[in-house]
Amino acid sequence: MRELTDLEKNRRNKVDQLRESGIEPYPARCDRTHTSAQAIAAFERAVAVETVPATVAGRIRSIRLMGKVIFAHLEDGDGQIQILLKLDLLGQNILDQFKNFYDLGDFIQAGGVLFRTRSGEITLQVEKITMLAKAITPLPASKETVENGERVVHSAFDNPEARYRQRYADLAVNPEVRNIFRTRARIISAIRDFLDGMGFLEVETPILQAIYGGAAAKPFVTHHHQLHQDLYLRISFELYLKRLLVGGIERVYEIGRDFRNEGVSYKHNPEFTQLEFYMAYADYRTIMEIAETMISSVAETVTGSRQITFRGHPVDLTPPWPRLTLREAIRRESGIDIDDYPTAELLAAAMLEKGLAPKAEKHRGKLIENLLSHFVEPNIIQPTFLMDYPRDISPLAKSKTDDLRTVERFEGFVAGMELCNAFSELNDPQDQEQRFLEMSRSFSEEEEDRHPTDEDYLNAMRYGMPPNGGFGLGVDRLTMLLTNQPTIREVILYPHLRLKEEES
RNA sequence: GGCCCACUAGCUCAAUCGGUAGAGCAGCUGACUCUUAAUCAGUUGGUUGAGGGUUCGAGUCCCCCGUGGGUCACCA
């Protein structure tokens, strides 16, 4: 247990003193009649005909002692409202009690009547004031003022580590952080509305999986004690969702958490929120149209526009998005035409000339992915679909009929990030079995990267799976885009942080 | 995992060449009946992320560790 600071000890003593004088500093009930916004609206509606009584509740965010009068601002979920305590109305005892026992950060309740101050601010003239929850630890100091219509924050609590570790304090003092998460919730609602409107069924599939699959990632491993069985946290929903197509559900989606045991970065968190949907009788071209329609309409619902600004760049999400083959995009950005280098060795040599240092043991598809992430991805600011990917990095996608080395797959890029990934799903059980075999062969040297073959998935597919298109979207990245945040940590409430060494 | 940067009061930040650790806000005491970063006067508060070293003397230089940020690598 951490020792309290002097400031905290001081406040804790106030709790004791309040109790000694018969006041409970943490009462179970309050009787708020208005939020701050409701109170202000009620006063504006009343047009000074009558007095408007109201009881508001919230956190004390500022106090201005003026001798025989005290101004303060309360903050609640709707915003802030000013309160005024006057000596002639409340008496010396109440005023002294406020001065001695009420601090910034305390939750209080204030009842009285609304009026407008000389400077024009709608304010509650307090008749009764009650402590609702005494704060022991002072909030990280921050003061704000409005200058020329701009909100200026002084001494803002902005150390990223402290903010992420103590997100509660971050949210309490930084309203713009609260807004990010409101927007995030609206994004997810908008996605649901969109898909529900198309007749998709939302489902939940296992997070604990005996056999993981559906993506290229290392899993987290856990263990079921009673069953004596290792389990993996899912790295994707894909294989479970597509089984549902076999079961006759034609349109299905899931929004949930994936877990990938890999490096963290400004666009990677070990757990992240993914949307996947699968649609029978659709192929990747149909999915592409749905993707651009969905993302742009979510943007419009949430931000009011299909044109947004991301880190200073105007980004226009209005469909249709440009479509470009992966081969063409790489050729434009790097000068390498991958079709000129049919083997991994030749391609690696060409990449070496361009200043890349590809690992010799990589296979060709991985090298192409390298080219994509190095030359192409950072340069795509406007939304763009890259299509037609190498078969050997797309084991669940259907090959193009005229080119067996290439599959019907696309990824959507915006603002230098991969946002979504989709393909015409492979539904030929023999082909799928073959792909699984190829995968386990080509990675047999690196135990760590090997993925187990999901026999049951093949069983399902042998019952017959309708042709379908599938789609995956990084919800956190979409949120970054629509809230203009430079790192994924800003759009995840509790991003992964290393355990901090405790001092004993 | 590599490299670079940061870590100083509750918060945000200073501290010259290695020479007494400082400011604003918060806190505390007082003045003030329309303030809103209120104002004014006074005042408390520090194991400079941890540990070790060099030195007469270390926030500052060296070593090591921790955490965070950035970047590169990794990510069938």
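Every chain is numbered from 1 and lettered A, B, ... according to where its sequence line falls, protein lines coming before strand lines.
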Engineer: Does A/Asp16 come within less than 4.0 Å of A/Arg12, counting only side-chain N to carboxylate O?
Structural biologist: no
Engineer: Strictly by Watson-Crick or wobble contacts shorter than 3.5 Å, is anything paired with B/rC13, and which nucleotide is it?
Structural biologist: B/rG22
Engineer: Now, which nucleotide makes the Watson-Crick or G-U wobble pair with B/rU35, with each of the two distances under 3.5 Å?
Structural biologist: none
Engineer: Could you tell me whether the phosphate oxygens of B/rU33, OP1 or OP2, come under 4.0 Å of any side-chain nitrogen or oxygen in A/Arg118?
Structural biologist: no
Engineer: Using Watson-Crick or G-U wobble geometry with both distances below 3.5 Å, tell me the partner of B/rG59, or none.
Structural biologist: none
Engineer: Establish, with yes or no, whether the OP1 or OP2 oxygen of B/rA38 is under 4.0 angstrom from a side-chain nitrogen or oxygen of A/Arg64.
Structural biologist: yes
Engineer: Counting only side-chain heavy atoms from C-beta out, which of B/rG27, B/rA38, B/rA76 sits nearest to A/Leu104?
Structural biologist: B/rG27
Engineer: Does the structure show a Watson-Crick or G-U wobble partner for B/rC7, both distances under 3.5 Å? Name it, or say none.
Structural biologist: B/rG66
Engineer: Under 3.5 Å for both donor-acceptor distances, Watson-Crick or wobble: does B/rC40 have a partner, and if so which one?
Structural biologist: B/rG30
Engineer: Is the shortest distance from a Lys or Arg side-chain nitrogen in A/Glu276 or A/Arg234 to a carboxylate oxygen in the other one below 4.0 Å?
Structural biologist: no
Engineer: Decide whether A/Asn427 and A/Lys398 meet the rule of one side-chain donor and one side-chain acceptor closer than 3.5 Å.
Structural biologist: yes
Engineer: Using the C1' atom on both, measure B/rG10 against B/rG27 and round to a whole Å.
Structural biologist: 9 Å
Engineer: Assess whether a salt bridge exists between A/Asp388 and A/Arg327, defined as any Lys/Arg side-chain N lying under 4.0 Å from an Asp/Glu carboxylate O.
Structural biologist: no
Engineer: If you measure from the Lys or Arg side-chain nitrogens to the Asp or Glu carboxylate oxygens, is any gap between A/Lys134 and A/Asp103 under 4.0 Å?
Structural biologist: yes
Engineer: A/Ala215 near the nucleic acid: base, sugar-phosphate alone, or nothing, with a heavy-atom cut-off under 4.0 Å?
Structural biologist: base
Engineer: Does A/Lys14 make a side-chain N or O approach to OP1 or OP2 of B/rC28 shorter than 4.0 Å?
Structural biologist: yes
Engineer: Mind checking the C1' distance from B/rA21 to B/rC3? Whole angstroms is fine.
Structural biologist: 32 Å
Engineer: Can a donor-acceptor pair under 3.5 Å be found between the side-chain atoms of A/Thr117 and the base atoms of B/rU35?
Structural biologist: yes
Engineer: Between the side-chain atoms of A/Gln82 and the base atoms of B/rU35, is any donor-acceptor pair under 3.5 Å?
Structural biologist: yes
Engineer: Are A/Arg165 and B/rG68 close enough that a side-chain N or O sits under 4.0 Å from OP1 or OP2?
Structural biologist: yes
